[in-house]
Amino acid sequence: SAGGVVFANAGKTVARSADGTLTLDIVTSAEYDAPRKDGEAWPHLLIQQDFVRRPNIGRIGRLDFSMELRIVRCENRMTERQYDESLHTAQSPFYFYMRNVNPESPDYGLSLWVGIPSFDFRYPRLTDREVVQWDTGTSTYIYSIPPRAVWGDVSFHDFRWHAAHLDLLPLILRGVEAMREKGRFVDTRPEDLELTGMNFGWEVPGTFDAGLMVRNLSIRME
């Protein structure tokens with residue numbers, strides 16, 4: 001469209017329309033020769049930003065998060081026999097990277113991915129459960145906020161726009177508490193922690209051709 005820009009190849013398309021809506025489309029059928037096996041890597045298509053003004057978790061009163069997301073398509077290119085739910089999906093998580101930045105803290109340098117789940121091919125409805133897991137690829141824990149607390153009781157499988165508008169600070173502080181319950185961040189105060197950046201987009205550990213649109217993405221601290 002007029003005023004927009006598109007970057008594309010056989011496997012990925014990134015398009016920004018004149019009104020700022022971003023489209024991320026990934027064609028993993030052009031990248032996989034066979035269904036992914038356990039331990040194998042998978043394609044990503046992510047937007048990423050390192051924050052210049054880093055929200056300090058203990059020194060702000062609010063962290064207002066806004067985002068509108070629409071899944072445009074998600075086509076499973078595997079047969080029923082090939083598809084393994086434990087290995088294969090297409091999903092679109094949003095992650096903040098949080099780090100202890102206080103050199104005087106015993107936990108200095110300790111970090112955590114804070115996830116805001118959205119679409120996952122395997123699950124038609126969003127859950128109200130939090131998840132704590134170890135990410136082998138980055139050797140970092142991930143705390144996933146209960147997605148229903150962010151988006152409501154919706155289904156991204158309806159291919160419609162869904163919106164999140166909320167103060168994330170209490171949910172992030174709950175993530176820190178969940179890590180303490182795992183024996184991590186036990187010597188960390190909230191004011192030791194900063195959000196240093198984010199990424200969002202497709203992670204596709206299965207043969208899916210999928211597209212999404214995102215708009216009005218912002219985070220504001222008070």
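- In this structure, H44 contributes its side chain and W202 its backbone to no donor-acceptor pair below 3.5 Å.
- A single hydrophobic cluster is not seen to contain both L110 and V101; linkage of ILVMFWY side chains at heavy-atom distances under 4.5 Å, directly or through other members, places them apart.
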*Dump the intermediate steps for side chain to side chain donor-acceptor pair (under 3.5 Å) on W151 and S118, then the final yes or no.*
CA-CA 8 Å; W151 300 101; S118 53; 5.1 Å; no
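- Between R125 and D153 there is a salt bridge, with a side-chain nitrogen of the basic residue lying less than 4.0 Å from a carboxylate oxygen of the acidic one.
- Pairs engaging residues 161-187 under the ring-ring contact (aromatic ring centres under 6.0 Å, His included) rule: F156-H162 [sequence neighbours left out].
- You'll find the ring centres of F94 and F96 inside the 6.0 Å limit.
- The pair E177-K182 fails the salt-bridge criterion, with no side-chain N (NZ, NE, NH1 or NH2) lying under 4.0 Å from an Asp/Glu carboxylate O.
- Remark: R99 qualifies as a cation-pi partner of Y108 under the 6.0 Å distance and 45° angle criteria applied to the six-membered ring.
- No close placement of the H88 and F121 rings is indicated, their centers lying 6.0 Å or farther apart.
- If you check the side chains of D158 and S155, you find no donor sitting under 3.5 Å from an acceptor.
- A side-chain donor-acceptor contact under 3.5 Å links E130 and Y143.
- The existence of a salt bridge linking K12 and D25 is excluded, since no basic side-chain nitrogen approaches an acidic carboxylate oxygen closer than 4.0 Å.
- Using a 4.0 Å cut-off between a side-chain N of Lys or Arg and a carboxylate O of Asp or Glu, E68 and R215 qualify as a salt bridge.
- A distance of 6.0 Å separates CE of M98 from CD1 of I57, quoted to the nearest 0.5 Å.
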*Passes salt bridge (Lys or Arg N to Asp or Glu O under 4.0 Å), R174 versus E181? Steps please.*
CA-CA 11 Å; R174 167 57 204 156; E181 293 167 7; 3.1 Å; yes
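- Aromatic ring centroids of F200 and Y95 lie 6.0 Å or more apart.
- Across every non-hydrogen atom of S92 and L69, the tightest pair is OG-CD2, 4.1 Å.
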_side chain to side chain donor-acceptor pair (under 3.5 Å) for D107 and S105? Distances and angles first, verdict last._
CA-CA 5 Å; D107 289 337; S105 170; 4.8 Å; no
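- With R180 contributing its side chain and R184 its backbone, the two residues share no donor-acceptor pair below 3.5 Å.
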